[in-house]
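Read through the structure below, which is laid out as structure tokens, and then see the notes.
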Amino acid sequence: MKRKMWAVLTTLAVFFACLVTFNLSATPAKAETTYTIGTDVTFPPFEFANKQNKYVGIDMDLIRAIAKNQRFKVKIKPVGFNAAVQSVQSGQLDGVIAGMSITKEREATFDFSKPYFTSGVVMAVAKNSKITKLSQLKGKKVAVKTGTSGADYANSIKNKYGFKVVTFDDSNNMYEDVMTGNSAACFEDSPVMRYGIKQGTKLKIVTKPAENGSYGFAVEKGHNQKLLKSFNKGLANLKANGQYKKITEKYLGKDASKDTDSTSDNSFFGLIKQNKSALWSGFKETLWLTVVSIIFATIFGVLVGLMGVFPNKFLNGLSTTLIYIFRGLPLLVLALFIYTGIPSLTGQKIPAFVAGIITLMFNEGAYIAAFVKGGINAVDTGQMEAARSLGLPFGRAMRKVILPQGIRIMVPSFINQFIITLKDTSILSIIGILELTQTGKIIIARNLQGFKVWTIIAIIYLVVITLLTWLSNWVQKRSKL
Amino acid sequence: MSTRLKVTDLVKTYGDNEVLKGINLEVQNNEVVVIIGPSGSGKSTLLRTLNKLEAPTSGSIVIDGYDIADPKTDINKVRENIGMVFQHFNLFNNMTVGENIMLAPTELKKSDKTAAEKQAKQLLATVGLEEKFDARVQSLSGGQEQRVAIARALAMNPDIMLFDEPTSALDPEMVGDVLEVMKTLAKQGMTMVVVTHEMGFAKEVADRVIFVDDGNIQEQGTPEEIFDHPKHPRLQDFLNKVLNV
């Protein structure tokens, strides 16, 4: 019995060792000067993916031009504003350029470059709205995007003008809320708002830029000072040679319309055709995430489930605790904790994909463990007693008599869990994994066609889930379980 | 006659509940011992401690020279020589009749597959079910299931057999077949400990009858002594209840 226990523990240990090794080897080797820079997913005109799925925008063009000028390399990670900021704090990323306003509060934790863009917050309302002044907002709702200076501004004046603030995670949802009339207005940086309106967002700007602020490139306080210096030097060079002007005019100037989707076919099939390659790679990433995490979650879940029925108090307790913790944590919290929390504890970076797999392994694995335990416990205790009374050791009685009966009970739960895992991969978009949901967010950030794009994404999920269900039923029949 | 099984000062408690309160019992080779007593008296618990399905709280149980209360004893080895038959048969639902019987001999390397199959068929013949070798467990009646369970317990060639109320879950017309198989075993000289409510079987087959009540052996003796001249008032009371229905 003891030997079996050791076998289980050793397997677990090897498993975790593999994860750690995978993690280490996946960390990019520190080339001379390659910096990993985080940015937002949906902040046009500063950063957004174009039709070729390449990141462009004022920030993107600027950081690439500065890198070229100062002879270093950049790797862009569009993980979202909040994740980018946290990842810089935890050392996961070297710097962040994401239309980030320089504030006193932020200067406490970040070192900022010289300002590279000056902006101000404007108020926008629906095209047919009669609101033109802040004082007309009394008792109404106002939409903002989380973490922006527009949000700070709205919060600073909400008591004075008596409105309520509703917070959104990306621009498109914020605009939609104003267009549908749920919110009376939104606050956003003027270049962002101007670009959005050029893209066909049915809003109008009604105030002059307020709370003029400056955007800066940020690194963790006291770290990456060489990068910061290069940025400042490069910025000065670009301003001197006219390149800076070219970049900003490209997105905000008269020829800004050239880079828009205004001539695009925004019909349902037009959207599919245009975004074929982005959707396809998002789909592949979702499938890959699902398959890999199902394998790991099944291994983890079965081990923890078996630990729960092993005649050993310590293993039973460990099993119950693991299930309690990982079933109790919201998937979103777990993903953010593993991706941004663990590195700040260990100082070891984790690639988003690996963090995603670990997250799903623990979360889905906990559910699997619970029904593995339940399935085994559902087998009549007389079966185990009869096997043991013949002289079969616990492990062999388990394998020959209990598990074959327990697995039959578990199969429907397994199929169910696989489908849930597939759907849960969408939550990993929060840590910037370019799976189907994140792909959808990016496409919408560019073309602002929320309804149609989400319909396409939803259909793709349904098709995959249908195929997965058929496959499971076929396997179930074939194996005569 | 030599001693096959010796129980000394056996105590079993569940929390505060003392189910067995210091049992002393010896079973000789080829002896058939029948344990009777009211429900809740501890007779099933006593039987289940004999192959450590219930771990004794204190005391010793020595079978073939091994003390199974001692944690150092390899209980799996000792169990190979103890056959056990359950009230609810407990046939393995994921196997055929033949596989049920062959599992232990093949898994524990007592015999190869062909030998195990030959032996299983012989055992099925002795319980009158040779045609059921390939049958699924679910297709059997209760009486057939219990006879297969006896064949399964015999497959390891045990030198003692424990029966835990083997006929209590059966329809009345099935009881006879199972008792017949048990009588044949007894005649062949198998050492048996049987917990049962079948007083007829006890009278006919038992060498010794043990009356257990309140966690203790209250009285024991030959069937004549127990059934015709009961001394203990509780035994008299018990017999009154079960015989004069």
Side-chain angles (χ1 to χ4, degrees), chain A residues 1-8 302 305-306 309-316 371-414 475-481, chain B residues 44 47-55 66 68 71-72 74-95 99-110 136-138 145-146 148-158 160-164 169:
Chain A
M1 224 172 266
K2 244 188 191 147
R3 234 181 307 137
K4 277 276 153 150
M5 190 178 98
W6 276 115
V8 172
V302 169
L306 288 178
V309 295
F310 213 78
N312 178 303
K313 287 252 162 64
F314 172 74
L315 290 181
N316 296 165
F371 68 67
V372 164
K373 215 161 114 176
I376 290 170
N377 286 334
V379 177
D380 180 23
T381 50
Q383 298 282 312
M384 179 54 99
E385 287 185 350
R388 294 307 304 274
S389 74
L390 285 167
L392 291 182
F394 177 84
R396 252 189 281 187
M398 201 51 150
R399 214 173 60 230
K400 288 283 168 179
V401 178
I402 309 300
L403 282 182
Q405 299 183 51
I407 286 170
R408 203 176 311 173
I409 301 170
M410 296 169 209
V411 165
S413 306
F414 264 113
V475 170
Q476 199 181 348
K477 254 181 220 155
R478 288 289 300 234
S479 58
K480 286 182 194 149
L481 280 169
Chain B
S44 271
L47 192 79
R48 287 163 58 84
T49 51
L50 298 183
N51 70 348
K52 217 182 176 182
L53 282 182
E54 306 289 345
Y66 297 101
I68 64 170
K72 274 175 271 175
D74 180 359
I75 187 65
N76 294 324
K77 266 270 159 294
V78 183
R79 279 176 180 154
E80 288 179 16
N81 293 319
I82 309 173
M84 176 107 180
V85 176
F86 299 86
Q87 182 179 357
H88 295 287
F89 335 128
N90 297 346
L91 290 185
F92 305 135
N93 295 319
N94 56 323
M95 301 178 191
E99 286 166 347
N100 259 277
I101 301 171
M102 287 152 57
L103 176 72
T106 50
E107 271 298 305
L108 301 171
K109 306 267 179 325
K110 282 271 151 133
R136 294 180 61 226
V137 167
Q138 289 78 359
E145 276 199 73
Q146 194 60 299
V148 172
I150 295 173
R152 178 178 71 180
L154 289 169
M156 293 297 285
N157 298 316
I160 181 166
M161 286 281 281
L162 310 177
F163 292 85
D164 186 6

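Hydrogens, waters and symmetry mates play no part in the numbers below; they use all other heavy atoms, side chains included. Below, chain A is the first sequence line, B the second, and so on; all start at residue 1.
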Among B/K77, B/M156, B/M95, B/R152, who wins on heavy-atom pairs under 4.5 Å with chain A? B/R152
Hey, which of B/N51, B/L108, B/I75 has the most heavy atom pairs under 4.5 Å with chain A? B/L108
Among all residues two or more places apart in sequence or in another chain, which pass the salt bridge (Lys or Arg N to Asp or Glu O under 4.0 Å) test with B/E54? B/R48
Just to verify, what does B/F92 make a ring-ring contact (aromatic ring centres under 6.0 Å, His included) with, not counting sequence neighbours? none
Side-chain donor/acceptor of A/R396 to backbone N/O of B/E107, under 3.5 Å: yes
Taking C-beta and beyond as the side chain, do [X] and [Y] meet within less than 4.5 Å on heavy atoms?
X      : Y     : value
A/P393 : B/D74 : no
A/R388 : B/N76 : yes
A/Q383 : B/N93 : yes

Hey, mind stepping through A/L390 and B/R79 against side chain to side chain contact (heavy atoms under 4.5 Å, CB included) and telling me if it holds? CA-CA 6 Å; A/L390 285 167; B/R79 279 176 180 154; over 6 Å; no
Proximal component of B/L91, with respect to chain A [non-hydrogen, under 4.5 Å]: backbone
Please classify the contact between B/I82 and chain A as side chain, backbone, both or neither, with a heavy-atom cut-off of under 4.5 Å. backbone
How would you list, in number order, the residues of residues 373-382 of chain A that have a heavy atom less than 4.5 Å from chain B? A/D380, A/G382
Rounded distance [0.5 Å steps], OG in A/S389 versus CD in B/E80: 11.5 Å
Among residues at least two apart in sequence or on other chains, which ones pass side chain to side chain donor-acceptor pair (under 3.5 Å) with B/T106? none
